[in-house]
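Step one of this worksheet: look at the structure below.
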2 protein chains.
Amino acid sequence: MANPAPLINEQSPLSKVRLRVWIRLLKASRLIEDDLRRKMRDECDWTLSRFDLLAALDRVPEGLKMSDLSRRLMVSNGNVTALVDKLTTEGLAHRVAVPGDRRAFLVQLTDQGKAEFAKTAQVHEGWVDDLLGSLGLDEAEDLLQTLGHVIDDIETGGPGISQPRKEGL
Amino acid sequence: MANPAPLINEQSPLSKVRLRVWIRLLKASRLIEDDLRRKMRDECDWTLSRFDLLAALDRVPEGLKMSDLSRRLMVSNGNVTALVDKLTTEGLAHRVAVPGDRRAFLVQLTDQGKAEFAKTAQVHEGWVDDLLGSLGLDEAEDLLQTLGHVIDDIETGGPGISQPRKEGL
DNA sequence: AATCAAAATTTTATTATTGAAATAAGTTTT
DNA sequence: AAAACTTATTTCAATAATAAAATTTTGATT
């Protein structure tokens with residue numbers, strides 16, 4: 001009655017709705033990210049990548065390997081190398097040897113790094129709170145859950161594995 | 001009105017939840033975008049920017065000005081120039097004069113451009129449908145609505161205007 | 001041990017994007 | 001109609017990110 005949902009989803013409403021979701025998700029994300037990036041630059045003279053890197057390190061006091069950082073931040077290895085190098089010369093982070101593996105090391109925040117991050121993180125949280133000001137608690141929690149499902153689905157079943165979905169196209 | 005919302009939101013749970021929402025939104029967005037970018041490159045030999053540009057043009061048959069494209073795609077003017085130049089030399093788009101304003105022109109798709117976009121758009125929709133496969137219709141529609149609110153709020157009340165929020169800090 | 005493949009990081013060359021200055025056309029003010 | 005703005009686009013130099021190759025170390029197999 002309401003929706004006879006065709007089995008062939010080539011033209012199904014659902015795939016169109018999902019497409020619109022993606023477009024809107026991307027737009028929201030860019031809108032927020034661009035604004036945060038601009039504020040970071042103008043008001044703190046930081047790049048957003050730098051903030052993200054410090055945020056990742058701040059959450060794991062024992063430190064993270066380069067490859068962990070690369071994976072978590074979803075940026076290339078070379079990029080992490082350059083970022084960590086810069087933070088190191090500025091005294092915000094340092095590399096410490098991993099006992100038993102001379103290839104790798106852990107990147108940790110210095111005390112100065114922790115302190116500077118703490119300051120900026122507070123300001124950053126305020127910006128985000130402003131930008132997402134339209135979200136009430138319930139709405140925010142729903143969103144959190146839905147996005148969580150999407151992420152899990154992509155990370156587990158998703159891209160690399162590509163289970164067969166349909167025969168024709 | 002409806003929300004007793006503490007005036008000091010510095011440590012309020014809500015701002016923390018919003019921060020988590022932002023982090024998750026960004027993660028989902030990157031996960032999807034990276035995957036689409038990779039597939040575009042590997043399977044179609046297209047950049048994602050190219051696809052986005054064609055998509056914008058496809059929706060507006062009468063054509064769009066460079067500045068419109070720049071605004072819609074949220075990329076710089078110079079970037080649009082370069083992209084349109086490339087599409088033009090490949091015969092997918094062309095510039096047509098705007099009567100009455102010799103500064104501007106409209107960028108339109110050529111027939112070839114429309115045809116090639118149509119093909120790729122179909123494939124693209126399939127990828128998105130897969131990536132967002134965890135979203136049912138209801139969930140997708142909720143998400144659509146919530147993201148719509150977020151976007152509207154940012155675009156109208158948001159960044160440029162910056163009504164005073166707090167004195168301290 | 002000697003060899004080989006995998007893992008962790010760095011280096012490199014290339015590409016994409018930006019932001020700012022430059023050019024040019026249109027609009028408003030005086 | 002001159003001067004001063006604003007808008008539309010392009011050019012250009014600098015930045016940031018990537019992908020791929022190179023280095024070094026580890027772990028496993030023979």
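Sequence lines set the chain letters: A, B, ... in the order given, protein chains first and strands last, and positions in each chain run from 1. Computed from a predicted structure; not experimentally measured.
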Task: Length of the line joining A:D45:CG and C:dG19:C1', which is rounded to integer Å - done: 15 Å

Task: Salt-bridge present (A:K86, A:E90; N to O < 4.0 Å) - done: no

Open item on the list: Here's a test of your reading of the structure: between A:M66 and B:V75, which maps to the more 5' nucleotide of DNA chain C?
Closed with: A:M66

TODO: Tell me which of A:R37 and B:R71 sits closer to the 5' end of DNA chain D, going by the nucleotide each one is nearest to.
DONE: B:R71

TODO: Identify whether the distance between the nearest side-chain nitrogen and carboxylate oxygen of B:D130 and B:K39 falls below 4.0 Å.
DONE: no

Open item on the list: Can you tell me which residue among A:R18, A:R20, A:K16 is in a salt bridge (Lys or Arg N to Asp or Glu O under 4.0 Å) with B:E125?
Closed with: A:K16

TODO: Indicate, with a heavy-atom threshold strictly under 4.0 Å, whether B:T47 touches base, sugar-phosphate, or nothing.
DONE: sugar-phosphate

Open item on the list: For B:R50, is there an ion pair with B:E116 - N to carboxylate O distance below 4.0 angstrom?
Closed with: no

- [ ] Please report, rounded to the nearest Å, how far the P atom of C:dT18 is from the CG atom of A:D42.
- [x] 15 Å

Task: Atom-pair distance (CD on B:E33; C1' on C:dT17), nearest Å - done: 13 Å

TODO: Could you pick out which residue, B:G100 or B:L83, lies toward the 5' side of DNA chain C when each is mapped onto its nearest nucleotide?
DONE: B:L83

TODO: Shoot me the first and last contacting nucleotide of DNA chain D against chain A, ordered 5' to 3', at under 4.0 angstrom to non-hydrogen atoms.
DONE: D:dA16 to D:dT26

Task: Sidechain N-carboxylate O distance under 4.0 Å for B:R38, B:E33 - done: no

Sub-3.5 Å pairs of nitrogen or oxygen atoms, protein against nucleotides 21-25 of chain C:
none

Open item on the list: For a quick check of understanding: with a heavy-atom distance under 4.0 Å over all strands, which category does A:R50 fall into, base, sugar-phosphate or nothing?
Closed with: nothing

Task: Partners passing salt bridge (Lys or Arg N to Asp or Glu O under 4.0 Å) against A:D34 (at least two apart in sequence or in another chain) - done: none

Task: Short side-chain donor-acceptor distance under 3.5 Å, A:Q145 and A:E141 - done: no

Task: B:D68 and B:K65 ion-paired at < 4.0 Å - done: no

Open item on the list: Here's a test of your reading of the structure: between A:S76 and B:D85, which maps to the more 5' nucleotide of DNA chain D?
Closed with: B:D85

Task: Distance in angstrom units between A:N79 CG and C:dT12 P, rounded - done: 17 Å

Task: Spacing of A:M40 atom CE relative to C:dT18 atom C1', expressed in whole Å - done: 19 Å

TODO: Calculate, to the nearest 0.5 Å, the distance between atoms CG and CG belonging to A:L57 and A:L69 respectively.
DONE: 5.0 Å

Task: A:T81 vs C:dT11: side-chain N/O to OP1/OP2 distance below 4.0 Å - done: no

